[in-house]
Amino acid sequence: MITLSRRRFLKISAATMAAATAYEGGNRVITHAAEKPESGTRTVPTFCNICFWQCAGIATVRDGKLWKIEGNPLDPLSHGRLCTRGTGGVAGHDDPDRLRTPLLRVSERGEEKWKAVTWDEALNFMADKMRKIAAEHGPEAMGAFIHGLGGSFFKHTLRAYGTNNIVAPSGAQCRGPRDTGYTVTYGDDASSPERTDIVNADCIVLIGSHIGENMHNTQVQEFAEAVGRGASVIVVDPRFSVAASKAKYYLPIKPGTDIALLLAWMHVIVEEKLYDKEYIDKYGFGFEQFVAEVAPYTPEWAYPETGIEPGMIRATAREMARYRPATLIHTGRNSSWYGDDAQRSRAMALLAALLGTWGRKGGLWIPTKMEIPAYPHPPYPQPKREAADNPGNKYPFTTESVSTGLRDATISGKPYPIKGWFVYATNLMYSLPSHEETIRAIQNLDLFVVCDVSPSEIAGWADLVLPESIYLERHDDLSTTNFKTPFVALRQPVVAAPDDQKPNWWIAKTLAEKLGLGAYYPWKDIEEYLEYRVRAAGLSYGQLKRDGVILGAPKPVYYEDGAPAVFDTPSKKI
Ligand SMILES: Nc1nc2c(c(=O)[nH]1)N[C@H]1C(S)=C(S)[C@@H](COP(=O)(O)OP(=O)(O)OC[C@H]3O[C@@H](n4cnc5c(=O)[nH]c(N)nc54)[C@H](O)[C@@H]3O)O[C@H]1N2
Ligand SMILES: Nc1nc2c(c(=O)[nH]1)N[C@H]1C(S)=C(S)[C@@H](COP(=O)(O)OP(=O)(O)OC[C@H]3O[C@@H](n4cnc5c(=O)[nH]c(N)nc54)[C@H](O)[C@@H]3O)O[C@H]1N2
Ligand code: SF4
Ligand SMILES: [Mo]
């Protein structure tokens with residue numbers, strides 16, 4: 001087995017850096033010759049990037065040094081409180097291990113020998129190789145693995161170049177099966193952040209979701225509140241999680257047997273007629289077939305499967321029904337677990353429907369979003385071949401790209417060869433199953449570029465490593481995430497990047513210009529882009545810069561308040 005040596009990579013990149021710039025260690029203060037060192041305290045609103053939740057925060061700089069970040073009280077996600085990872089985010093700025101300058105490999109892949117190069121050299125190298133790949137194999141032969149909001153400008157450049165082979169961990173590695181399960185049931189997915197009305201729920205069912213440990217800020221705050229007011233909590237987890245320690249009912253299930261429990265719960269709810277008949281009559285389709293399907297799955301049948309006693313299965317089914325529709329069947333998030341995950345999520349979605357909780361207060365709200373027009377750009381060229389990650393629609397129900405599928409295509413050369421990889425903010429060596437297969441795929445590439453903030457394991461394999469400035473040193477695209485309240489948040493630089501790191505938008509734009517695709521970036525700098533978009537939505541950019549967050553007019557999020565009950569399924573019903 002080929003092992004990864006992050007420590008060696010670190011050593012080399014640090015040695016390269018020593019030659020490239022004089023780095024003075026952890027507490028470097030940036031001063032430009034003519035300027036006086038900054039003194040006093042100032043605050044800058046921005047939003048967090050340590051996870052995808054995008055909580056808005058306010059960062060403080062004291063005497064020119066990044067000091068701390070706290071929640072922005074205007075933010076409906078954080079309510080002025082960040083999680084411990086979010087408050088720790090400032091450490092990224094002074095991280096002595098961070099990448100500092102573009103690095104070009106000077107040896108074989110897998111051997112870690114690098115030279116520091118300028119951005120011009122780095123992006124010329126990348127653009128030349130991308131042109132060659134497009135000429136020899138077509139632009140679709142360039143693939144990308146991109147995680148998070150910071151990748152949006154790279155996606156733009158890659159689409160302008162002509163490839164549709166852009167994948168993300170959200171599909172095969174994270175919430176893909178869940179969103180498939182909910183989409184086949186309701187015609188819409190579980191959303192991100194999840195549409196979970198924890199704050200209004202009287203009964204909360206956590207099936208493989210360890211709120212508190214997974215740190216999703218809004219959910220943790222709402223869960224603490226719900227526990228405080230005595231909501232009934234049912235936790236199903238093989239492991240005694242923190243959430244389990246707060247539960248009224250804790251069901252230590254055998255791993256991988258959730259579907260058996262879910263079928264038995266639904267059996268009890270149907271048999272004892274505890275379901276929401278009115279809701280099912282109005283929105284449901286195929287209820288008779290459903291009743292017949294769950295008939296054999298008694299709690300006695302589920303007991304040896306799950307290890308949960310029949311009495312406990314009945315008691316918890318009744319508890320859920322007792323509080324409906326304010327019973328929240330939490331959708332979970334990461335669901336790429338055992339291979340039956342989409343069906344497991346589908347069963348959870350159906351349980352929620354049986355209790356009439358989708359679109360209901362205390363259940364699963366209907367997301368709203370601030371609509372912000374895009375900055376106009378020429379249309380993308382139409383790729384000549386279908387995306388390589390899901391050939392022949394092998395996974396017909398997936399709502400996301402398939403990251404392992406792009407890797408398979410790179411190994412097999414089928415449905416066509418993939419010759420370039422661009423990897424942004426995802427550490428494939430650890431997060432994609434089987435790093436042996438990832439290494440095999442990498443050996444087939446003509447170009448392999450990684451953009452990261454730190455010398456990740458995957459960066460150790462790249463031909464070219466692009467160092468990004470951390471989120472507290474850059475602008476990004478606007479945050480207009482799905483939520484109960486429409487809002488927009490701005491990320492803006494708090495401090496300058498300490499070395500030769502650059503923001504994603506600058507790298508993506510400069511690369512596009514070198515590829516002759518400058519027409520896709522008709523703006524001079526990111527603020528021109530952001531200001532255009534904010535104004536086009538009828539909002540004030542000045543206000544957004546000052547406050548960090550602008551709330552939109554509230555929209556109904558429950559059916560009873562007028563949220564539209566639309567199901568984009570073949571039957572137009574649940
Ligand atoms: N601290 C921290 N927080 C994070 C992340 C992180 O890396 N660190 N990652 C973020 C990301 S990307 C995501 S997607 C989320 C993931 O967070 P979650 O969506 O909560 O998912 P998991 O962490 O995969 O697992 C949740 C729980 O499922 C339990 N479990 C395992 N097998 C079974 C089973 O067969 N049945 C049942 N019922 N339970 C089972 C586990 O014991 C665990 O407690 O967390 C996010 N938050
Ligand atoms: N065995 C196992 N595998 C899993 C999971 C599991 O529970 N167990 N969880 C799965 C899930 S749910 C997910 S979402 C995936 C997540 O897997 P990944 O997508 O790999 O996410 P992270 O591990 O957070 O790695 C993020 C990378 O981005 C870099 N980074 C951080 N900030 C920035 C930035 O601002 N700019 C740039 N350019 N880079 C940045 C970090 O240095 C790091 O190298 O893993 C999946 N894989
Ligand atoms: S949940 Fe924590 S890490 Fe994630 S965006 Fe919010 S504060 Fe940052
Ligand atoms: Mo995830």
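Atoms within a ligand are numbered from 1 in the order they appear, just like the ligands themselves. What you see below is based on every heavy atom in this structure, not just the backbone, and it leaves out hydrogens, waters and symmetry mates.
A search for side chain to side chain contact (heavy atoms under 4.5 Å, CB included) contacts involving P252 returns Y250, I308, not counting sequence neighbours.
Within ligand 1, counting atoms from 1 as listed, the ones closer than 4.0 Å to a heavy atom of G256 are 34 (C), 35 (O). Listed by atom number, the atoms of ligand 1 under 4.0 Å from E213 heavy atoms are 1 (N), 2 (C), 3 (N). Against a heavy-atom cut-off of under 4.0 Å, V236 is close to the following atoms of ligand 1: 37 (C), 38 (N), 39 (N). Those atoms of ligand 1 with a heavy atom of Y338 less than 4.0 angstrom away are 31 (C), 32 (N), 33 (C), 34 (C), 35 (O). Listed by number with element, the atoms of ligand 1 under 4.0 Å from a non-hydrogen atom of P255 are 35 (O).
Between the side chains of N165 and D389, no donor-acceptor pair of N or O atoms lies under 3.5 Å. In the model, W119 has no side-chain atom that pairs as donor or acceptor with a side-chain atom of T510 under 3.5 Å.
Closer than 2.8 Å to atom 2 (Fe) of ligand 3 sit the protein N, O or S atoms C83 SG.
Closer than 4.0 angstrom to ligand 2 lie heavy atoms from N49, H147, P169, Q173, C174, N334, Y424, A425, T426, N427, S431, C451, D452, V453, S454, S456, E468, R474.
Using bins of under 30°, 30° to 60° and over 60° for the plane-to-plane angle, the ring pair Y424/F154 lands in the tilted bin. Ring geometry, W358 versus Y186: the interplanar angle falls under 30°, so the pair is classed parallel (tilted spans 30 to 60°).
Under 4.0 Å is where a charged nitrogen must lie from a carboxylate oxygen, and between R333 and E194 at least one such pair does. Ion pairing of E468 with R474 is present here, as a side-chain N (NZ or NE/NH1/NH2) and a carboxylate O approach within less than 4.0 Å. Between R491 and E473 there is no salt bridge, since no side-chain nitrogen of the basic residue lies less than 4.0 Å from a carboxylate oxygen of the acidic one.
P299 pairs in a side-chain contact (heavy atoms from CB on, under 4.5 Å) with only one of the listed residues (T316, L263, T306, V268), which is V268.
In the displayed structure, R440 atom CZ is contacted under 6.0 Å by at most 12 heavy atoms of other residues, nucleotides or ligands.
Without hydrogens or angle criteria, R344 side chain to W337 main chain gives no donor-acceptor distance under 3.5 Å.
Sorted by first and then second residue, the ring-ring contact (aromatic ring centres under 6.0 Å, His included) pairs involving residues 466-499 (not counting sequence neighbours) are W365-F483.
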